[in-house]
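Excluded from the calculations below are hydrogen atoms, water molecules and symmetry mates; all remaining heavy atoms, backbone and side chain alike, are included. Throughout, residue positions are numbered sequentially from 1 according to the sequence presented.
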Amino acid sequence: MAANEHPQDERPGPADPPAREFRMADLAREAGITVRTLRFYRERKLLPTPRREGRIAWYNEHHLARLRTIGALLERGHTLGGIAELFSAFEAGRDVGELLGLDNPLVPPWSEETPVRLTPEELADHFSEDITAENLSASLDIGYLAVDGDEFVHISRRLLDASTELVGRGVPLAAVLEAGRQVRAHADALAGIFTGLIRSHLFSDVLERTDTGACPSPPDVDLLAGTVEKLRPLAKGVVEAELAMAMDRRVRAEVATWLQEHEAGATQQEQGDPSAGEAPP
């Protein structure tokens, strides 16, 4: 029998069905591979260690999902060595709760971003051959990605779409991630400016009370949450306006520089070639 049932004394209810477990041959059949291939993957440490019961190794749905991911990545052109590196980076990734900042419910989240759940093969579909262990590690380090079971969670649908668009237009994912790291640093600096204003001019009384060791009172918490909610669109509008004007200035400057260089090159070519502009004999 392919599945190993829970002991009777656990008595799982209808909403908590017994977890399926497989012997090696059953797992290989479910995954559509040979037992020999399964042994090879295990020797390459592409699979987590199975649960042992005497001399029997029991595999579970997590192992099956991992085998299907390996197959999908192989179909997309990844090597087993590269897949092993991806899994190492995957397993070293941050927890999804840490990524989404779920540890501080005192104030409502400032961000309105929508996280996106992705399987490893779906992530590979977004970025093709640019999915490497180095890029995956960089994404985890920056905080774009976190690990949740057998899946990734990207922190922002908009950032994922922007990255996918840039890579699709020919920008290497490594360059996109480095730009993202720099944008993150500048965004943190901007956030520091706004929070400094709020701390110094709007919450000074609350901070003086809490500096004595007293916990924030319910009215203080309401004031904090309400102020954050009202200032969110204000801060966003300021940043969007300044960025739009900065992009306008920078693009105009880049175009002007390009035109000057083009005109200078054309002038030098004409001066260096007396026959420039003459009709051929």
Side-chain angles (χ1 to χ4, degrees), residues 1-8 10-97 99 115-140 144-155 160 163-164 167 173:
M1 193 172 161
N4 183 31
E5 302 296 335
H6 282 297
Q8 290 296 323
E10 291 187 13
R11 289 187 170 86
D16 185 21
R20 288 203 303 168
E21 289 189 309
F22 310 91
R23 292 173 182 261
M24 179 179 287
D26 298 319
L27 178 66
R29 183 170 56 254
E30 286 281 339
I33 61 175
T34 65
V35 172
R36 182 179 179 181
T37 299
L38 176 55
R39 286 199 180 99
F40 178 70
Y41 289 165
R42 192 177 65 179
E43 291 168 0
R44 293 289 298 268
K45 301 188 183 303
L46 293 173
L47 292 176
T49 303
R51 181 179 72 83
R52 287 279 177 183
E53 191 175 276
R55 299 183 63 181
I56 301 176
W58 288 103
Y59 299 85
N60 56 31
E61 295 281 2
H62 175 72
H63 296 93
L64 180 58
R66 175 64 64 90
L67 288 172
R68 288 170 174 165
T69 294
I70 292 171
L73 292 176
L74 287 173
E75 290 179 357
R76 288 161 172 78
H78 293 265
T79 65
L80 286 177
I83 292 172
E85 292 178 356
L86 289 176
F87 286 156
S88 295
F90 180 91
E91 290 162 359
R94 290 192 288 176
D95 178 77
V96 66
L99 175 74
V116 184
R117 302 187 73 87
L118 298 162
T119 63
E121 50 268 38
E122 287 172 340
L123 189 66
D125 287 339
H126 274 272
F127 300 111
S128 188
E129 66 273 6
D130 272 351
I131 289 295
T132 63
E134 292 78 11
N135 287 338
L136 182 57
S137 295
S139 298
L140 293 164
Y144 286 163
L145 290 178
V147 174
D148 188 21
D150 292 319
E151 295 181 319
F152 291 106
V153 175
H154 195 289
I155 195 171
L160 175 62
S163 299
T164 304
V167 170
L173 180 56

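Taking all atoms of both residues into account, the shortest heavy-atom contact from Phe127 to Val167 is CD2-CG2, 3.8 Å. Considering every non-hydrogen atom in both His126 and Thr164, the closest pair reads ND1-OG1, 3.0 Å.
To the nearest 0.5 Å, atoms NE2 (His154) and OH (Tyr144) are separated by 7.0 Å. Here CG of Asp125 is found 9.5 Å from CG of Leu118. Values are rounded to the nearest 0.5 Å. How far CG of Leu80 is from CD1 of Ile70: 7.5 Å, rounded to the nearest 0.5 Å.
The side chain to side chain donor-acceptor pair (under 3.5 Å) search around Asp130 returns none, not counting sequence neighbours. In this view, Thr69 and Leu73, Phe87, Pro120, Glu121 satisfy the side chain to side chain contact (heavy atoms under 4.5 Å, CB included) rule, not counting sequence neighbours. Among residues two or more places apart in sequence or in another chain, the side chain to side chain contact (heavy atoms under 4.5 Å, CB included) test is passed with Glu134 by Thr132.
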Residues Leu27, Ile33; criterion side-chain contact (heavy atoms from CB on, under 4.5 Å); working and verdict: CA-CA 9 Å; Leu27 178 66; Ile33 61 175; over 6 Å; no
side-chain contact (heavy atoms from CB on, under 4.5 Å) evaluation trace for Arg52 with Trp58: CA-CA 6 Å; Arg52 287 279 177 183; Trp58 288 103; over 6 Å; no
Step-by-step side-chain contact (heavy atoms from CB on, under 4.5 Å) determination, Phe152 to Arg117: CA-CA 6 Å; Phe152 291 106; Arg117 302 187 73 87; over 6 Å; no
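Residues Asp26 and Arg29 are paired through a salt bridge, judged by an N-O separation under 4.0 Å between the basic side chain and the carboxylate.
At distances below 3.5 Å, at least one donor-acceptor pair connects side-chain atoms of His63 with backbone N or O atoms of Asn60.
Sorted by first and then second residue, the salt bridge (charged side-chain N to carboxylate O under 4.0 Å, His left out) pairs involving residues 57-71 (not counting sequence neighbours) are Arg20-Glu61, Arg66-Glu91.
With Leu145 as reference, Leu123 is the one residue of Ile155, Leu123, Val153 to meet the side-chain contact (heavy atoms from CB on, under 4.5 Å) rule.
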For residues 35-49, tabulate all N or O donor-acceptor pairs below 3.5 Å that involve a side-chain atom, not counting sequence neighbours.
from, atom 1, to, atom 2, distance (Å)
Thr37, OG1, Thr34, OG1, 2.9
Arg42, NH1, Tyr59, OH, 2.8

